[in-house]
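Computed from a predicted model, the values in this text were never measured in an experiment.
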Amino acid sequence: MKEIEYYTTPEGKCPYIEWRNTLSIEFQVRIAKRLNRMSNGNYGDWKRLQNSQLYELRMDFGKGYRIYFKELDNVIILILAGSDKSDQKHTIKQAGKYLEEFLNRGR
């Protein structure tokens, strides 16, 4: 079983949680179930992004939701950000910056 961690900015904000909280309760529950399956090793539909250290967890409901993450080791999955197809490119860039900042800060 892998532990899910959520990236927080140096100011204490959590971009993923802020995004998730904009969704309906129905979609929040579905995404939570998906992350639970992921922590148990069942990633479902996912892929590594080209020229990036990031991975994308893809969901085929709602607006085509995406969650961007990085496996830090064999135990930790760091959730960086979420989006839908409409702002995917912007969110991928931002998630990359979050990861860089996180790695530079050190765990």
Side-chain angles (χ1 to χ4, degrees):
M1 184 162 187
K2 297 186 180 192
E3 181 181 337
I4 303 281
E5 288 188 11
Y6 300 96
Y7 166 80
T8 56
T9 67
E11 297 80 28
K13 293 185 177 185
C14 181
Y16 167 76
I17 297 295
E18 289 178 0
W19 168 78
R20 186 203 64 196
N21 288 344
T22 66
L23 304 177
S24 72
I25 296 297
E26 174 192 353
F27 290 140
Q28 289 183 41
V29 169
R30 290 179 76 174
I31 290 170
K33 288 178 181 179
R34 178 73 184 274
L35 291 179
N36 187 49
R37 288 191 307 269
M38 185 181 183
S39 72
N40 288 314
N42 181 3
Y43 285 49
D45 186 6
W46 66 284
K47 70 174 184 173
R48 184 171 185 165
L49 299 176
Q50 287 184 336
N51 304 316
S52 177
Q53 296 183 54
L54 297 174
Y55 295 85
E56 177 182 71
L57 188 65
R58 301 180 290 194
M59 288 160 272
D60 62 355
F61 56 84
K63 296 179 181 179
Y65 298 122
R66 306 293 194 252
I67 296 175
Y68 304 100
F69 68 97
K70 169 73 175 158
E71 289 191 275
L72 297 176
D73 53 38
N74 240 0
V75 182
I76 306 293
I77 300 170
L78 179 67
I79 304 296
L80 295 156
S83 74
D84 60 45
K85 291 293 287 179
S86 69
D87 65 349
Q88 182 177 18
K89 288 181 182 179
H90 169 76
T91 306
I92 289 170
K93 286 180 187 177
Q94 193 61 51
K97 291 177 185 176
Y98 293 151
L99 179 59
E100 184 178 336
E101 186 278 320
F102 179 85
L103 295 174
N104 287 336
R105 185 180 355 152
R107 288 186 75 201

Report task. Considering non-hydrogen atoms only, spot the tightest contact between Asn74 and Lys2 and give its length. Result -> O-CE, 3.6 Å
Report task. Verify side chain to side chain contact (heavy atoms under 4.5 Å, CB included) between Tyr6 and Leu35, making sure each step is shown before the conclusion. Result -> CA-CA 12 Å; Tyr6 300 96; Leu35 291 179; 3.8 Å; yes
Query raised in the report: Just checking, is any N or O donor in the side chain of Lys70 or Tyr98 under 3.5 Å from an acceptor N or O on the other one?
Result: no
Query raised in the report: So if you build clusters from Ile, Leu, Val, Met, Phe, Trp, Tyr with side-chain heavy-atom gaps below 4.5 Å, do Ile25 and Ile31 land together?
Result: no
Query raised in the report: Without hydrogens or angle criteria, can the side chains of Gln94 and Tyr68 be said to hold a donor-acceptor pair below 3.5 Å?
Result: no
Query raised in the report: Do Trp19 and Asp87 touch side chain to side chain, with heavy atoms closer than 4.5 Å?
Result: no
Report task. Would you check if the side chain of Asn104 reaches a backbone N or O of Glu100 as a donor-acceptor pair within less than 3.5 Å? Result -> yes
Query - 4.5 Å side-chain heavy-atom contact, Thr9 and Pro15 - result: yes
Query raised in the report: Roughly how far, to the nearest 0.5 Å, is CD of Glu56 from CZ of Phe69?
Result: 9.5 Å
Report task. State whether the side chain of Asp73 and the backbone N or O of Ile76 hold a donor-acceptor pair below 3.5 Å, judged by distance alone. Result -> yes
**Report entry** Shortest non-hydrogen contact from Gly82 toward Thr91
**Finding:** O-CG2, 3.6 Å
Query raised in the report: Relative to each other, are the rings of Tyr55 and Trp46 parallel, tilted or perpendicular (30° and 60° limits)?
Result: tilted
Query - Nearest non-hydrogen partners of Ile4 and Ile79, listed with the distance - result: CG2-CG1, 3.6 Å
**Report entry** By salt bridge (charged side-chain N to carboxylate O under 4.0 Å, His left out) - contacts of Arg34 (at least two apart)
**Finding:** none
Query raised in the report: Going through the checks in order, is the salt bridge (charged side-chain N to carboxylate O under 4.0 Å, His left out) test met by Lys97 and Glu101?
Result: CA-CA 6 Å; Lys97 291 177 185 176; Glu101 186 278 320; over 6 Å; no
Report summary line: dist Ile92:CD1 -> Leu49:CG (nearest 0.5 Å) comes out at 5.0 Å
Report task. State, to 0.1 Å, how close Met38 and Leu57 come at their nearest heavy-atom pair, and which atoms those are. Result -> SD-CD2, 3.8 Å
Query raised in the report: So which of Gln28, Lys33, Glu26 actually passes side chain to side chain contact (heavy atoms under 4.5 Å, CB included) with Arg30?
Result: Glu26
**Report entry** Under the side-chain contact (heavy atoms from CB on, under 4.5 Å) test, residues paired with Lys63 that sit two or more places apart
**Finding:** Tyr65, Asp84
Query - Interatomic spacing from CG in Asp45 to CZ in Arg66 - rounded to 0.5 Å - result: 7.5 Å
Query - Same apolar cluster: Leu80 and Ile17, side chain cutoff 4.5 Å - result: no
Query raised in the report: Looking only at heavy atoms, what is the nearest atom pair of Glu71 and Ile77, with distance?
Result: CG-CG1, 4.2 Å
Query raised in the report: Measuring from Leu54:CG to Ile67:CD1, what's the distance to the nearest 0.5 Å?
Result: 13.0 Å
